[in-house]
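One structure is given below, encoded as structure tokens.
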Amino acid sequence: MILIDGKKAAAELREELKKEVLQLKSKYNTVPGLTVILIGELAPSKIYVKNKEKSAIEVGLKSEVIRYPETVDEKTVLNKIKELNNDASVSGILVQLPLPKHINKQKVIETILPSKDVDGFHPMNVGNLSSGYESSVPCTPLGCYLLIKKIEPNLNGKKAVVVGRSNLNGKPMTQLLLKENCTVTITHSKTKDLKGECLKGDIIIAAVGIPELVKGDWVKKDTIVIDVGINKTEKGIVGDVAFEEVSKVAKAITPVPGGVGPMTIACLLKNTIECFKRIQK
Ligand code: NAD
């Protein structure tokens with residue numbers, strides 16, 4: 001069984017990105033810039049943003065965090081996004097979710113210029129991804145995809161089962177696997193026989209938010225299992241996959257923590273660089 005080391009993979013990716021930033025700097029005399037907007041005081045959001053800032057600086061990107069209190073009005077945020085859209089030193093804009101209730105998430109997402117949408121949430125990027133065109137790809141599924149490709153470079157004809165159909169994870173994951181010629185089944189809370197569907201998968205990606213949902217007898221031998229879930233339980237943080245049981249049958253599996261999580265931020269940096277390159281083009 002291969003334990004997929006997301007920390008190591010993310011560190012390797014950051015090293016590659018660091019080199020790329022240096023090359024871009026010598027070519028364009030400037031570096032890609034990531035601006036994050038953080039609204040409110042939610043502890044997990046503050047931690048994520050701090051980690052994003054630290055990682056961006058580590059690979060040599062220009063990094064900026066704009067903080068607003070929970071009470072900020074929607075217009076102020078939208079105007080700031082428009083200002084950043086027109087700022088040539090900003091390559092990528094990310095508004096940390098979740099937002100306070102009085103701010104319309106969809107409006108915020110659609111105000112970000114698609115070419116600077118490092119999260120890949122803008123409908124233009126969602127459409128481009130599903131049409132097979134160049135686009136920003138949401139960071140977590142992109143990280144999962146890169147981990148899968150490390151284990152199995154040729155995914156042609158593989159049967160992939162995606163558990164969860166969120167816009168953040170399941171749906172873009174499905175598009176990335178389709179692009180690789182996988183036969184993809186997307187499952188969700190109303191799926192009739194989830195165990196039966198999972199048993200058909202050569203690859204399973206679980207992005208649900210239910211602790212240890214995917215059991216050992218749901219997985220056939222030699223399956224690659226990617227666990228996106230992050231669930232706080234009495235025994236600590238666990239994923240959506242029953243790791244102990246599944247690791248006995250899987251060909252490869254990501255641990256939680258230390259699997260998909262570290263790749264998410266590394267992919268945000270990758271997306272910022274990709275946005276910069278597309279803008280230069
Ligand atoms: P979400 O709540 O938006 O979507 C969950 C999906 O799971 C839905 O499509 C729903 O239909 C499906 N679902 C719910 N119950 C189910 C069941 N019993 N059987 C099958 N499907 C079921 O969640 P999300 O934002 O996609 O996040 C999923 C998990 O991934 C969470 O634990 C979240 O914390 C984690 N997450 C991790 C990272 C990371 O970087 N590792 C990033 C984002 C989210």
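Start at 1 and go down the list; that is how both ligands and their atoms are numbered.
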Practice item. Pick one of side chain, backbone, both or neither for how L168 approaches ligand 1, counting any non-hydrogen atom pair under 4.0 Å. Key: side chain

Check your understanding: Where's the contact between V208 and ligand 1, heavy-atom distance under 4.0 Å: side chain, backbone, both or neither?
Key -> both

Check your understanding: Thinking salt bridges, do E16 and K19 make one under a 4.0 Å N-O criterion?
Key -> no

Exercise for review: Identify the protein heavy atom lying closest to atom 31 (C) of ligand 1, giving its residue, its atom name and the separation to 0.1 Å.
Suggested key: G209 CA, 3.7 Å

Check your understanding: Of the non-hydrogen atoms in P138 and L168, which two are nearest, and what is the gap between them?
Key -> CB-O, 3.8 Å

Check your understanding: Can you tell which of H188, M263, K190 gets a heavy atom nearest to atom 21 (N) of ligand 1?
Key -> H188

Review point. Tell me: protein heavy atom nearest atom 3 (O) of ligand 1, and distance?
Key: S166 CB, 3.3 Å

Review point. Nearest to atom 39 (C) of ligand 1 by heavy atom, I226, I265, N169, T264: which?
Key: T264

Exercise for review: Can you tell me which residue pairs pass the salt bridge (charged side-chain N to carboxylate O under 4.0 Å, His left out) test with a partner in residues 97-118, sequence neighbours excluded?
Suggested key: E74-K107

**Study point:** Candidate with minimal heavy-atom separation from atom 15 (N) of ligand 1, of V163, T140, I210, T187
**Key:** I210

**Study point:** Distance from atom 19 (N) of ligand 1 to nearest protein heavy atom, with residue and atom
**Key:** L194 CD2, 3.5 Å

Side-chain donor-acceptor pairs under 3.5 Å in residues 242-250, sequence neighbours left out?
residue : atom : partner : partner atom : Å
E245    : OE1  : G216    : N            : 2.8
S247    : OG   : F243    : O            : 2.7
S247    : OG   : E244    : O            : 3.1

**Study point:** Nearest-option assignment for atom 30 (O) of ligand 1, heavy atoms, candidates V162, V256, V228, T191
**Key:** V228

**Study point:** atom 9 (O) of ligand 1 [closest protein heavy-atom partner, distance rounded to 0.1 Å]
**Key:** R165 N, 2.8 Å

Point to revise | Residues K281 and E134 bridged, charged N to O under 4.0 Å | key: yes

Exercise for review: Verify whether one side chain among Q280 and K27 offers a donor that lies under 3.5 Å from an acceptor in the other.
Suggested key: no

